[in-house]
Amino acid sequence: MPSMILTENLVKEYKSTRGKGVIRVIDNLNLEVKEGEIFAFIGPNGAGKTTTIKLLLDFIFPTEGKVLLLGKSPKDTSTRQSIGFLPESSYYYRFLNPVELLDMYGRIFRIGKKERSKKIDELLSMVGLEDFGHMPLRNFSKGMLQRLGLAQALINDPALLILDEPTGGLDPIVRREIRDILRRLNQAGKTIFFSSHELSEVEMISHRVGILNRGRLIRVEGLNELVSEGGRKESLEDIFIRLIKEDVDKSA
């Protein structure tokens, strides 16, 4: 299968605020996500997950190393046209309604008026907001905004979805709705790369898991292989805690 995401020796450093030297927040990251996968990117707070996503999307620039999305530079226009992105916190114009917001994004992607209108109706129905298309966003709950954010990420019919904490802080009903949507999108052929702290969600939906700690990728494994390693069935949460502790002990 082709690589949808590929990083080679990716490094991101910032100058230390306490004097001389640098802080390395991403440390020689070598990551590959194959076409058709749901790949979960997990790690403790401050591990570098969001920084990695920003590097993938060319929002910030690497100190060293290389990023390829769909086999090309993330700067490539055709690459950007094929990616959908949902940030951890979506900030939209609160005076707009969902139809107006999605229409704006459709115009950015130069989608024709007739196709744009059809796609907006389809996406609002997909995310369960078909009855709220003309409600101002200032009246939306967090869960409704997250579902709208997912619709926004799909307006250009991307081959690759990159999602930062798509179910973070949501109630169980909305988490399940978004999980079901992601499954259907994957079954329709979309590759999904997402970061999450919701390990139970990761365990229910992912094909492979990458574990990041202090900017280093300490494990990449198929989910089934990871949770049944050594012939014993463990929860992903137990495995995650154990691997992070082992990594910390090695560095002590």
Side-chain angles (χ1 to χ4, degrees), residues 5 33 36-50 52-54 56-57 83-92 94 98 101-102 105 122-133 135 137-155 158 160-212 221-224 226-227 233-241 243-244:
I5 296 175
V33 177
E37 284 192 303
I38 301 179
F39 190 102
F41 198 47
I42 63 177
N45 288 331
K49 301 184 298 298
T50 297
T52 299
I53 288 174
K54 290 177 179 179
L56 294 179
L57 294 168
I83 297 170
F85 171 55
L86 175 64
E88 181 177 1
S89 299
S90 302
Y91 298 100
Y92 300 124
R94 308 291 282 184
L101 181 79
L102 294 177
Y105 279 99
E122 290 173 349
L123 289 173
L124 289 177
S125 178
M126 177 190 293
V127 300
L129 294 175
E130 62 270 31
D131 295 329
F132 302 94
M135 178 185 285
L137 300 186
R138 64 178 175 270
N139 297 325
F140 271 39
S141 67
K142 181 175 181 179
M144 293 170 75
L145 287 171
Q146 198 73 342
R147 282 186 277 166
L148 179 60
L150 188 55
Q152 169 273 132
L154 292 165
I155 191 69
L160 172 64
L161 275 171
I162 297 178
L163 314 174
D164 194 359
E165 296 284 351
T167 59
L170 303 181
D171 67 56
I173 294 173
V174 179
R175 285 207 307 267
R176 181 171 184 173
E177 290 172 349
I178 290 180
R179 185 172 69 241
D180 290 343
I181 292 169
L182 295 182
R183 281 199 186 106
R184 291 197 300 271
L185 290 169
N186 181 248
Q187 289 166 0
K190 298 195 184 301
T191 302
I192 300 171
F193 175 87
F194 74 103
S195 70
S196 182
H197 285 111
E198 304 283 349
L199 298 186
S200 60
E201 296 291 311
V202 170
E203 197 162 2
M204 283 188 273
I205 196 174
S206 305
H207 299 137
R208 283 201 304 145
V209 177
I211 301 176
L212 193 73
E221 192 74 73
L223 180 64
N224 291 335
L226 188 60
V227 298
K233 186 78 172 179
E234 290 185 274
S235 71
L236 181 59
E237 180 177 320
D238 288 341
I239 293 165
F240 174 79
I241 292 171
L243 291 175
I244 295 298

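Side chains are part of it too, since the values below use all heavy atoms of this structure and drop only hydrogens, waters and symmetry mates. Please read all numbers here as calculations on a predicted model, not as lab measurements.
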Validation row: [X], [Y] side chains within 4.5 angstrom (heavy atoms):
X: L129; Y: L123; value: no
X: I5; Y: F39; value: no
X: L148; Y: V127; value: no

To the nearest 0.5 Å, tell me how far [X] [atom1] sits from [Y] [atom2].
X: I178; Y: I173; atom1: CD1; atom2: CD1; answer: 12.5 Å
X: E221; Y: S206; atom1: CD; atom2: OG; answer: 13.5 Å
X: L57; Y: T52; atom1: CG; atom2: OG1; answer: 11.0 Å
X: M204; Y: L199; atom1: CE; atom2: CG; answer: 10.5 Å
X: R138; Y: L145; atom1: CZ; atom2: CG; answer: 12.5 Å
X: L243; Y: D238; atom1: CG; atom2: CG; answer: 11.0 Å

Locate the shortest heavy-atom distance separating [X] from [Y]; write the atom from each residue and the value.
X: L212; Y: I244; answer: O-CD1, 4.3 Å
X: P98; Y: L124; answer: CB-CD2, 3.9 Å
X: L223; Y: E203; answer: CD2-O, 3.1 Å
X: F240; Y: I42; answer: CD1-CD1, 3.7 Å
X: F140; Y: F132; answer: CZ-O, 3.7 Å
X: I162; Y: I83; answer: CD1-CG2, 4.3 Å

Practice item. Check the pair E177 / L170 against side chain to side chain contact (heavy atoms under 4.5 Å, CB included), numbers first and verdict last. Key: CA-CA 11 Å; E177 290 172 349; L170 303 181; over 6 Å; no
**Study point:** Enclosure of E237 CD (heavy-atom neighbours >12, cutoff 6.0 Å)
**Key:** no
Practice item. Might you work through the side chain to side chain contact (heavy atoms under 4.5 Å, CB included) test for F194 and L182, ending with a clear yes or no? Key: CA-CA 10 Å; F194 74 103; L182 295 182; 5.5 Å; no
Study note, to complete from the structure: Sorted by chain and number, sequence neighbours left out, side chain to side chain donor-acceptor pair (under 3.5 Å) with T50 holds for D164
Review point. Can you name the residues that form a side chain to side chain donor-acceptor pair (under 3.5 Å) with N45, not counting sequence neighbours?
Key: H197
Flag, side chain of [X] to backbone of [Y], donor-acceptor distance under 3.5 Å:
X: Q146; Y: P166; result: yes
X: K49; Y: S196; result: no
X: N186; Y: T191; result: no

Check your understanding: Taking it one step at a time, do L154 and L161 satisfy side chain to side chain contact (heavy atoms under 4.5 Å, CB included)?
Key -> CA-CA 8 Å; L154 292 165; L161 275 171; 3.8 Å; yes
Check your understanding: Any idea how Y92 and Y105 line up, ring-wise: parallel (<30°), tilted (30 to 60°), or perpendicular (>60°)?
Key -> perpendicular
Review point. Got a sec, which residues hit side-chain contact (heavy atoms from CB on, under 4.5 Å) with R176, two or more places apart in sequence or on another chain?
Key: R179, D180
Exercise for review: Take N139 and M144 through the side chain to side chain contact (heavy atoms under 4.5 Å, CB included) test and state the conclusion after the steps.
Suggested key: CA-CA 9 Å; N139 297 325; M144 293 170 75; over 6 Å; no
Point to revise | Criterion side chain to side chain contact (heavy atoms under 4.5 Å, CB included) against H207, the qualifying member of N224, I38, I192, V33 | key: I38
